[in-house]
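This report refers to the structure that appears directly beneath it.
Below, chains carry the letters A, B, ... as their sequence lines are ordered, and counting in each starts from 1.
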2 protein chains.
Amino acid sequence: MNELDSFDLSILKVLQEDSSIHMQALAERVNLSKTPCWRRVKKLEESGYIRKYVALLDHRKLGLSVMAYVQVSMKDHDLNTLQVFLDFVEQSPYILDCHATAGNFDYVMKVIAADTEELENFLMRELLSSGVIQSTNTNLILRQKKSTTELPVK
Amino acid sequence: MNELDSFDLSILKVLQEDSSIHMQALAERVNLSKTPCWRRVKKLEESGYIRKYVALLDHRKLGLSVMAYVQVSMKDHDLNTLQVFLDFVEQSPYILDCHATAGNFDYVMKVIAADTEELENFLMRELLSSGVIQSTNTNLILRQKKSTTELPVK
DNA sequence: GCTGAAAGGAGAATGAG
DNA sequence: CTCATTCTCCTTTCAGC
């Protein structure tokens with residue numbers, strides 16, 4: 001699948017807002033009839049434009065009220081140290097995002113926890129005890145103003 | 001809906017991984033039969049534990065290869081200035097996240113764009129021209145190591 | 001390529017035990 | 001929760017534009 005036309009883009013837009021929409025309603029919203037609309041969706045799934053369908057949960061209802069950005073500097077930058085760190089990141093459910101950034105620190109992570117105590121425990125017991133971290137800098141998130149999974153399509 | 005039991009938590013876990021799963025398969029994975037499983041899902045939707053169902057897209061395939069954290073300081077902190085900024089944030093599709101943080105800056109935003117030029121344009125033309133920003137600090141994301149919408153359930 | 005219709009089947013939704 | 005039933009909608013195939 002090489003290029004997306006405006007129909008494909010419209011479909012992606014709708015689905016990343018609400019994937020529980022029925023094929024019939026989706027078709028109407030993008031001005032197609034059911035069959036071609038369905039075919040396009042399948043194509044977008046197969047070609048990987050649509051990675052997956054997920055349910056988004058309410059973190060507050062789940063008792064996860066503390067979020068923070070944690071900047072991390074590594075002790076060393078050899079492959080082994082890196083791998084230990086990345087394995088840790090992958091495995092930890094508290095870490096929602098982790099990116100290597102240009103700047104003073106090696107990585108920025110977005111972390112979620114039930115409360116500051118759990119966050120503290122995570123940072124001290126789990127993260128630092130992995131042995132590969134030189135220093136961290138934690139910025140608590142005071143208020144979440146916007147958080148979306150919708151990419152700017154079109 | 002007050003408390004979630006282990007069945008509910010299992011359901012949430014599965015659905016935030018893959019919401020395209022069929023009710024039958026979901027029921028089997030959480031060791032329930034179809035009907036009670038379906039009833040629990042509906043309850044979780046109605047009570048707001050499940051906020052929405054969405055499709056996650058591949059940002060690279062969509063030509064969005066540049067991401068950055070942009071830290072922002074406001075000129076003033078009166079309600080009006082704040083509102084102008086938040087309206088701008090809400091309205092801009094480039095801004096995926098925006099949080100008020102404890103620290104030197106007022107807000108941290110996660111921004112996505114096609115390339116550095118588009119990012120630059122966004123920052124200079126759109127963000128700064130809103131007139132309420134004092135200063136910004138941009139950290140390009142070099143490599144995305146982990147990015148998940150799955151919350152630590154249970 | 002698209003539309004429209006139509007058939008079949010799968011799965012969602014409901015009600016009773 | 002299980003069972004059984006209803007019913008909606010998905011999915012495919014066909015025709016024709």
Side-chain angles (χ1 to χ4, degrees), chain A residues 1-59 61-63 148-154, chain B residues 1-64 114 148-151 153-154:
Chain A
M1 194 166 194
N2 284 331
E3 284 246 358
L4 305 182
D5 63 16
S6 69
F7 287 117
D8 295 319
L9 294 175
S10 298
I11 289 171
L12 291 179
K13 247 192 213 170
V14 173
L15 288 181
Q16 69 173 344
E17 261 176 51
D18 176 17
S19 64
S20 67
I21 188 173
H22 290 175
M23 197 53 73
Q24 184 142 335
L26 175 60
E28 285 166 16
R29 282 202 47 186
V30 301
N31 293 314
L32 281 173
S33 56
K34 259 176 13 181
T35 307
C37 181
W38 179 82
R39 271 198 264 264
R40 282 162 182 272
V41 171
K42 288 300 144 197
K43 258 201 155 180
L44 291 166
E45 291 169 355
E46 285 159 19
S47 57
Y49 282 92
I50 296 175
R51 282 173 39 226
K52 59 195 311 206
Y53 296 97
V54 302
L56 300 183
L57 309 184
D58 186 320
H59 63 269
K61 292 221 171 212
L62 292 167
T148 183
T149 57
E150 296 174 32
L151 302 178
V153 168
K154 196 189 57 148
Chain B
M1 195 167 197
N2 284 331
E3 284 246 358
L4 304 182
D5 63 16
S6 69
F7 287 116
D8 295 318
L9 294 175
S10 298
I11 289 171
L12 291 179
K13 246 193 214 170
V14 173
L15 288 181
Q16 68 174 343
E17 260 176 52
D18 176 17
S19 64
S20 68
I21 189 173
H22 288 177
M23 200 51 76
Q24 184 141 335
L26 175 60
E28 284 165 16
R29 282 202 46 185
V30 302
N31 292 314
L32 281 173
S33 54
K34 260 177 12 182
T35 306
C37 181
W38 177 82
R39 274 196 251 264
R40 281 164 184 272
V41 171
K42 287 302 143 193
K43 258 201 156 179
L44 291 166
E45 290 169 356
E46 284 160 19
S47 58
Y49 282 92
I50 296 174
R51 282 173 39 227
K52 58 195 313 205
Y53 296 97
V54 302
L56 299 184
L57 309 185
D58 186 319
H59 64 269
R60 300 211 166 164
K61 291 220 171 213
L62 291 167
L64 298 164
T148 183
T149 57
E150 296 175 32
L151 302 178
V153 167
K154 196 187 55 144

Exercise. Going by the side-chain contact (heavy atoms from CB on, under 4.5 Å) test, name the single residue among B:Asp8, B:Val153, B:Leu151 that passes it with B:Lys13.
Key: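 Per the side-chain contact (heavy atoms from CB on, under 4.5 Å) rule, the option paired with B:Lys13 is B:Val153, out of B:Asp8, B:Val153, B:Leu151.
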Quiz item: Start at the 5' end of DNA chain D and walk down; is the nucleotide closest to A:Ile21 or to B:Phe7 reached first?
Solution: B:Phe7
Quiz item: Checking side chain to side chain contact (heavy atoms under 4.5 Å, CB included) for the pair B:Asp5/B:Arg40: CA distance, chi angles, key distance, verdict?
Solution: CA-CA 10 Å; B:Asp5 63 16; B:Arg40 281 164 184 272; 2.9 Å; yes
Return the value, rounded to whole Å, for the distance between atom [atom1] of [X] and atom [atom2] of [N].
| X | N | atom1 | atom2 | result |
| --- | --- | --- | --- | --- |
| B:Arg40 | D:dC1 | CZ | P | 5 Å |
| B:Lys34 | D:dC3 | NZ | P | 11 Å |
| A:Glu46 | D:dT11 | CD | P | 12 Å |
| A:Asn31 | C:dG1 | CG | P | 20 Å |
| B:Leu26 | C:dA12 | CG | P | 9 Å |
| A:Met23 | C:dG11 | CE | P | 15 Å |
| B:His22 | D:dC9 | NE2 | C1' | 12 Å |
| B:Lys42 | C:dT14 | NZ | P | 8 Å |

Practice problem: Test for a donor-acceptor pair under 3.5 Å between the base of D:dC3 and the side chain of B:Thr35, counting only N and O atoms. | Solution: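 By the distance-only test, yes, there is a pair.
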Quiz item: Charged N to carboxylate O below 4.0 Å: is that the case for A:Lys42 and A:Glu45?
Solution: yes
Quiz item: In terms of the nearest nucleotide of DNA chain C, which residue is placed more toward the 5' end: B:Arg39 or B:Gln24?
Solution: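 With B:Arg39 and B:Gln24 compared, the 5'-side residue is B:Gln24.
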Quiz item: With respect to the phosphate group of C:dA13, does any side-chain polar atom (N or O) of B:Trp38 fall under 4.0 Å of OP1 or OP2?
Solution: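 Yes, B:Trp38 has a side-chain N/O under 4.0 Å of OP1/OP2 on C:dA13.
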Practice problem: Can you tell me, in whole Å, how much space there is between the C1' of D:dC17 and that of C:dA7? | Solution: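 Per the computed distance, 22 Å lies between those C1' atoms.
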Practice problem: Check for a donor-acceptor pair, side chain of B:Ser19 on one end and backbone N or O of B:Leu15 on the other, with a separation under 3.5 Å. | Solution: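 Side chain of B:Ser19 to backbone of B:Leu15, a donor-acceptor pair under 3.5 Å: no, none is there.
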